[in-house]
Every structure is written in C-alpha cells, then in structure tokens.
Student: 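Would you mind keeping the following structure in view while I ask a few things?
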Number of protein chains: 2
Amino acid sequence: MIRINENFKALSENYLFSEIARKIDAYKAINPNADVISLGIGDVTEPLCESVIKAIHSAADEMADRATFKGYAPECGYDFLKIAILENDYLARGISLSSDEIFINDGAKSSLGHFGDILSVDNIVAVSDPVYPVYIDTNVMEGRAGQNLPDGRRSNIVYLECPREKEFTAQLPNRRADVIYLCSPNNPTGSVLNREQLSAWVEYAKKHKSIILFDSAYEAYISDPAIPHSIYEIEGAKEVAAEFRSFSKTAGFTGMRCGYTIVPEALAAYGSNDAAVSLNALWRRHQSTKFNGTAYIVQRAAEAVYSKQGKQQIAGTIAYYMNNAKTILEGLKYAGFKAYGGVNAPYIWLEIPRNMNSWTFFDKLLNECQVVGTPGVGFGPSGEGYFRLTAFAKAENVEKAMERIKQWKM
Amino acid sequence: MIRINENFKALSENYLFSEIARKIDAYKAINPNADVISLGIGDVTEPLCESVIKAIHSAADEMADRATFKGYAPECGYDFLKIAILENDYLARGISLSSDEIFINDGAKSSLGHFGDILSVDNIVAVSDPVYPVYIDTNVMEGRAGQNLPDGRRSNIVYLECPREKEFTAQLPNRRADVIYLCSPNNPTGSVLNREQLSAWVEYAKKHKSIILFDSAYEAYISDPAIPHSIYEIEGAKEVAAEFRSFSKTAGFTGMRCGYTIVPEALAAYGSNDAAVSLNALWRRHQSTKFNGTAYIVQRAAEAVYSKQGKQQIAGTIAYYMNNAKTILEGLKYAGFKAYGGVNAPYIWLEIPRNMNSWTFFDKLLNECQVVGTPGVGFGPSGEGYFRLTAFAKAENVEKAMERIKQWKM
C-alpha cells in the first residue's frame, strides 16, 4: 500500500498571500472604482534590461540553427556564465573560487529548498524569526521540525532572536544549531549583517561544526560600502558556508529563473563515522541526478547582466527601486511611523503603533488608504506588530501611496 | 555537528557517460584524423522549429516592455500552456483533466527525481531492468534502496523482468511493490507497452494500492496507432498513476527545459491512519515550496509547439529522427545483428552476438568502425549483452555509420 511522507501533514497551510488576495478582491467588489496600490508582493515590476533582451534574441537565433543549436546544458552550468559570475561577483571582491564551486540553477528557492536533501534529517536547524517561510516549510517536509507548538513555532527548530534594538539582525543561539539559515539583506525586515556580525557567525559555525546557508538574493541592493555582499568576504567562511544567489531581484529575473549556489570544496559535513565529506561532491551528485541544467537562453541572458551595458542598465533599475524605498521611508517618517530597512534592501519594515495587530493594520490601510502591504505575522510570531512594504512598484504609484499615508489620520 | 544524508554513500558513481567520453578521447588521441560518429547520447541534434523560435522572440519582446513584462510565473504553470496541453495531448485522445491536474515544470527529470519527496521512505519501489538510472539513484538518496548487492542491484528494490521473448516489456512482479516506475516508449530498449499490458499494470496497482509513475517522455515517437500515448487511455488509471511528460524529445527542448506532470485529483496515497490523501494537493504544496515556476518565455515556446505550424514542424523533425532509426535497423539487419526498438521509440536495442560483453563490443565498434553507442550494462545488470544506439544524429552521419557497420567483419 502506497504511503505518503507523513511530514507533509505537519505543514501549515500557507494562507498569507492568498488571504491578502482574497481581502483585496473583497474590497474591490464593494469599491469597484478604488485605485488600490500594492506594495505587498516581493516581485519586480521593471522590464528586463536591453542587454539581456538582446542576449535572449541572439541565443534564440542560435537555437534555430543546426550548427549552433544547444541540447542538454551541463547540469551545473555553462562555463561562460560561471566565469562571468566568478570575475564580477567574487574576484572583484578579492574572493577566489574555482568554477566547480559554482552551481547554476533555476533560482535560489529551488536550491535552498533542496539543499537539505544532502543533509541528515537529524541536524538541528536554526532560522531567524521573522523569516522567509520556505526555510521552515522545506525542513518540515524533510522531518527536521518536530512538533507544532501553539504559537506557530516548531519544537525542533531553533528560532534566532532578531531584536529591534539590534536592528532585527539574527543573534547567536544558546542552543546547538547544525544548519543555520541567514538572509542578508533580509527578507522581510530589510536588515543587513555587518562584517563583525558575520564574523561572529562564521566563528560560531567553526566552533560547533555547523553549516551556514547564506541567502544573499538581495545583495545588489546594498548601498553601504562597509556591508559584505558575500559571506566569503569573511576569513574562513568557505569552510562553513554555502551561498545562495539569484538574478531575480538583481536583474528582474523572477520570470526568467536563474540563480547560483556556491558550495566551496572546503565545505565539509560529517558522516556517521565522523569522517568529513565534501558537500561540493554531494551537491554535484544531487544536481546531476535531480536536475537537468538551466536553459541555454536563460544562461546567456544572465551572462549579459555582467556586460558593461548590462551592469549600467541593472544599476539604473536598482536605483529606481531604491528611490522608491527612500520615498516610502520619508513618507512613513513624515506620517509619524517608525520604519526600518529600505537602505540596503528593497524591503521596509514598519512598526505598527498602538499595539495594533498586523492583520488589523492591513485592513485599515487597505480600507482607508487603498494601499496593500504584508502583515508581519505572516513571517512568523515575532513579525506580529510589524508590516512589510516593498520598493517593487512604479515610482508614480509609490508616490501616490505615500501621499495618502502622509494625509492619513490613522 | 553537521551530518550528511548517509544514503548518498550508497550511491554508485555514475561512470557510464564519463567512461564513454574518456574512451573516445583516448581513441582520438591516437587517431587524430578519425571520423568518430556518435550514436551514443540521448540528446536531440535538430534545431528548435520556426514556430518555437518566433514565440521566444515575441515573449522576449514582452519582457522588454513594462506594460507586458512578466515577473514570477504561477508555480504550477501558466493557464495558456496548460490549456494547450489539455486540448492537444488529452482531450484529443478522449481524456478529460482539469487544469489543476497539470503541473508545468523544468523537465521530466526534476519532477521524476523529486516526486519521491511526497512519499514515505518505507514504500517498496519497483523498476524495470535495464532502466534509466535516475529512478534508482533518487530512491537511493531517499533511503528506499536498501543494501548494495554484489551484482549491482539493491536489496529493497524490486527489479521487473523485461525478457527478450516479451519484447523487453516490464513484467508484473511476484513481490509487493508500492511505487512502480514504467517508461513507455522505453529508454533504453525502445520497447512499448500495449493497451493490454498497461491495463494489467493498472489492475495490479488497484489491487495492491500501488502507484505507477508513468514516464512517457518519448510518446511522440509512437508510430503504431494501437499503442497508448497516455496511461489515462486505460480505464481507471487516474486513481493509480501520475504521468511525466517532456518537451525535450518531442520538440527538441533538452536545452530549453520544459515538461509537465499529471497528478489526477483521484490519485490517492495513504497516511499512517490508512486514510486516503490527495497526492495532487501534496505535489502542489511541494512545487509551490521548492520550485518557483518555469520561465515565461520557455512556457510560451512550449505553447508554440501546439500551434498548427508548430505541430507540422515538430512532426517533420520526429520523422527525420525516425528515418534515422529505420536506417539503423535496416543496416543492423543487413549486417546480421538482431535489434529491437526503433519503431515506436528513438532507441535501438542491439543484441550483441557471441556472448561478448557490452564494453568489449563498445571498444570493438569504436576501434573498427569509429562508431559510438552505449553499453547495455550501463542501464543495469540485465542490460549486459546488449547495446543502445540512438536515432538522434544527422542523417548523413547515421548513413555513414551504418555503411561502416554493414561492411564490418566483426
């Protein structure tokens, strides 16, 4: 008799974005002429840049010609893209890597989601709270989360405190943690880990023989030159960290699907006999068995992000979004709100006044300003009392939304 | 201390194609002017058809314009592609499905590889022998395979006999099997399951509450009108089978990455309390958590496969490959070999004479004819004594290769 993976039963239904959509639909049904502005979803809105479009057309033409047609791509990526990544994202920051340490994929979510497959189910997982829900859900599926607790937490997950006084950065745990998810710049809080904080994490991981899964999907939004873009800017990080990057937010690739994972040769985990095993070899085996490469035209499109024109063009788009972030931060300040993030990240983390809960605030903002955001509680119990706004929107809409909020008598 | 998934230690290194490449390189080093022809790899060689190329260009232009730009795709696929699949691949064969039963992905390998994630590790898995190695390796990773046996088999896997007298079709097991991988048209043997055989499998699965994972990636190559293209042509199959399809071989998409999985609402597995659970809901949760959709331009490209011109164009390419298959079969017959497949599949399964083993035959064919194929033993112990040739090559090379084999004094 065929049996299911029982761990799936312990998943919470992810109602967050469907509940938001339902509430918007209900509001629009009663107010058909309302001009509802969404600052809620973490998805880009600006088109792909010209260099990328040119690369897609050119790669498509190659696929039309028998002499230049490409079949299966190498499962872990074409060298042309790995070399562009290596030169621009690593060598330029003084980090040396071999091309075998770079794994091209169809986006950070897939690889973050599957990376646990190469690790024992007995490892203890640590995540920040609030958190991107995929880190927890994938570990629930694999049986690492334990029992569901009444507050929505899981008995076997270590939740890292992210106190407001520490600008919402994840603090070292006082319990053992084998696998630590760190996201900097952070979704949802917009906080960043500085060199000192990252060094403390690397030191922790070395001391406890833990591994850090470093999600830096938003690194292109860092404006402060002192903030590391890669965890490998920290001495010794190659021995304890894998890094997950994406073209989604860097270059508007959410609908294109391309990212990459760095798994250094020096990154080890341990077998039952305590012998060190190369995670690079395990991840290569995983990807070559359960993945069949990223589309050639998509890899050529990603390569174009690193061309001289491509770099200028994506810098323009990022500046556009970050100008939105500035508009949001200034508007919120004018309206008397406390807000965080938005300087090194496209996310603004708003503190809801008067102990109002985040769904009530959502309803009020929608009904009174016709502006949509994301209730903080959707990212975990510690997100209650906060609200996420994103800079991914048309500038004119952001300005309009902030004008309404500035005049709002909440 | 971070621990690995110990199951990975039980994986066999997959030397097959790297060993083939090594032997070719060694031969070419000694014979630099040799004209080596490969009929070894299962990858397409003809370019994408005109309709597909047009769709890529058009979708790229949409991505360049803010008004038509597309961000995240729906995780389980765009309706425009699901509807094209539904109408052409299912309704046209009298099979009704809802669009929620169709999951667009980045190719059959990923979804076949990950489908086990939603199933208990205690299920007993059955595969044919010889077999596409991914079915076994993914189950080894997940801990379903048991011990490695001296003959290269695994103690917990049920190997389905595929006797020559039964045209290499997988026979019902006499042991319990909960998850049954069936591939028709078959890689590597080129055999197909007819309606009666498929019906027997559906009946078996119903009786034993098993599930069939039906890999029909090569269905476009079926020439015999009596052979089912979909397992859902069999009454009752929706209750016991998921179907895995791909545009890779149908439309030359190996470098484009698009496929789809059918998980009917009626397909159930059982929880520990013996209650039926919808695998459709579990797979949806899996895909929305560990996958972020297939690229918009790739889905538009796949949609174009179903346009009137697209259908004509891909039919032309398939006819081209199947003419190669005919050339190979006729050449082998002329040369006195027994060969199978090649009529409803792009693979030809050659019986090696004189009890020669398949690596020796590989060496002989390379050295004496400068032709490359795949040793049958690479697909499992029962592949020993056989050799796979593929129809994916330029017609002029296939003809040249067969002329050499016809004149060969083996």
Side-chain angles (χ1 to χ4, degrees), chain A residues 1-6 8-9 11 43-48 53 56-57 60 63-66 69-73 106-107 109-110 113-114 117-120 122-123 134 137-138 141 178-179 209-211 254-257 269-272 277 282 285 289-298, chain B residues 1-6 8-9 11 43-48 53 56-57 60 63-66 69-73 106-107 109-110 113-114 117-120 122-123 134 137-138 141 178-179 209-211 254-257 269-272 277 282 285 289-298:
Chain A
M1 188 194 255
I2 176 84
R3 300 284 183 185
I4 61 161
N5 174 351
E6 289 282 320
F8 272 69
K9 286 190 179 167
L11 286 167
D43 192 4
V44 295
T45 49
E46 289 296 295
L48 294 179
I53 298 292
I56 298 173
H57 283 304
M63 296 295 277
D65 183 341
R66 196 199 244 195
F69 173 77
K70 302 285 183 297
Y72 287 117
D106 69 332
K109 188 179 172 190
S110 307
H114 293 304
D117 295 357
I118 66 172
L119 303 175
S120 165
D122 297 326
N123 291 304
V134 165
D137 288 351
T138 55
M141 290 176 177
D178 304 309
V179 184
K209 293 194 172 172
S210 313
I211 180 178
T254 55
M256 286 289 285
R257 312 310 315 136
Y270 300 87
S272 52
V277 176
L282 256 57
R285 191 66 161 90
T289 305
K290 294 195 172 193
F291 183 60
N292 228 337
T294 301
Y296 175 71
I297 55 178
V298 172
Chain B
M1 189 194 255
I2 176 84
R3 299 284 183 185
I4 61 162
N5 174 351
E6 290 281 321
F8 273 69
K9 286 189 180 169
L11 286 168
D43 192 4
V44 295
T45 49
E46 289 297 294
L48 293 179
I53 297 293
I56 299 172
H57 283 303
M63 297 295 277
D65 183 341
R66 197 198 244 194
F69 173 77
K70 302 285 182 298
Y72 287 117
D106 68 332
K109 188 179 172 190
S110 306
H114 293 305
D117 295 357
I118 67 173
L119 303 175
S120 165
D122 297 326
N123 291 304
V134 165
D137 288 352
T138 56
M141 289 176 177
D178 304 310
V179 184
K209 293 195 171 171
S210 314
I211 181 180
T254 55
M256 287 289 284
R257 313 309 316 138
Y270 300 87
S272 52
V277 176
L282 256 57
R285 192 64 161 91
T289 304
K290 295 195 172 192
F291 183 62
N292 228 337
T294 302
Y296 175 71
I297 54 177
V298 172

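Lettering follows sequence order; numbering is per chain, from 1.
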Student: Against chain B, label A/Asn292 side chain, backbone, both or neither, depending on which of its atoms sit under 4.5 Å from a heavy atom there.
Tutor: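 Looking at A/Asn292, backbone and side chain both touch chain B.
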
Student: Non-hydrogen atoms of chain B under 4.5 Å away: do they reach the side chain of A/Tyr296, the backbone, both or neither?
Tutor: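 Backbone plus side chain of A/Tyr296, per the 4.5 Å heavy-atom cut-off to chain B.
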
Student: Quick one: of A/Asp43, A/Asp137, A/Ile53, A/Val298, who has the most non-hydrogen atom pairs under 4.5 Å with chain B?
Tutor: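 Max contact count across the listed options: A/Asp43.
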
Student: Counting heavy-atom pairs closer than 4.5 Å to chain B, which one of A/Gly113, A/Ala60, A/Gly255 comes out on top?
Tutor: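 Ranked by heavy-atom pairs under 4.5 Å with chain B, first place is A/Gly255.
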
Student: Mind ranking B/His114, B/Lys70, B/Glu6, B/Met141 by heavy-atom pairs under 4.5 Å with chain A and telling me who comes out on top?
Tutor: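 So the answer, after comparing B/His114, B/Lys70, B/Glu6, B/Met141, is B/His114.
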
Student: Contact part of B/Met63 toward chain A, heavy-atom cut-off under 4.5 Å: side chain, backbone, both or neither?
Tutor: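 Both backbone and side chain.
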
Student: Among B/Val277, B/Ile118, B/Ile297, B/Ile211, who wins on heavy-atom pairs under 4.5 Å with chain A?
Tutor: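 Counting heavy-atom pairs under 4.5 Å, the top option is B/Ile118.
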
Student: Which atoms of A/Glu46 are under 4.5 Å from chain B, going by heavy atoms: the side chain, the backbone, both sets, or neither?
Tutor: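 When you check distances to chain B, atoms from both the backbone and side chain of A/Glu46 fall under 4.5 Å.
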
Student: As a quick check of understanding, evaluate side chain to side chain contact (heavy atoms under 4.5 Å, CB included) for B/Lys290 and A/Thr138, giving each step before the final call.
Tutor: CA-CA 7 Å; B/Lys290 295 195 172 192; A/Thr138 55; 3.9 Å; yes

Student: Identify the heavy atoms of B/Leu282 and A/Phe8 that sit nearest to each other, and give their distance.
Tutor: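 Of all heavy-atom pairs spanning B/Leu282 and A/Phe8, the closest is O-CE2, 3.7 Å.
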
Student: For residues B/Thr294 and A/Arg257, report the shortest heavy-atom separation together with the two atoms involved.
Tutor: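 Between these two residues, the closest heavy atoms are C-CG, 4.2 Å.
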
Student: Considering all heavy atoms of both residues, which atom of A/Ala269 and which atom of B/Ile4 are nearest to each other, and what is their separation?
Tutor: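 Reported closest heavy-atom pair: CB-CG2, 3.4 Å.
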
Student: Please report the shortest heavy-atom distance between B/Thr289 and A/Lys109, naming the atom on each side.
Tutor: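 In this case the closest contact between B/Thr289 and A/Lys109 is O-CE, 3.2 Å.
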
Student: What heavy-atom pair brings A/Pro47 and B/Arg66 nearest, and what distance separates the two atoms?
Tutor: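 So the two residues come closest at CG-N, 3.7 Å.
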
Student: Which atoms of A/Phe69 come close to chain B, meaning under 4.5 Å heavy atom to heavy atom: side chain ones, backbone ones, both, or neither?
Tutor: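 Looking at A/Phe69, just its side chain touches chain B.
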
Student: By side chain to side chain contact (heavy atoms under 4.5 Å, CB included), which residues pair with A/Asp122, not counting sequence neighbours?
Tutor: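 With sequence neighbours excluded, A/Asp122 shows a side chain to side chain contact (heavy atoms under 4.5 Å, CB included) to A/Ser120, given in chain and number order.
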
Student: Heavy-atom distances under 4.5 Å only: say whether A/Met256 touches chain B with side chain, backbone, both or neither.
Tutor: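 Both backbone and side chain.
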
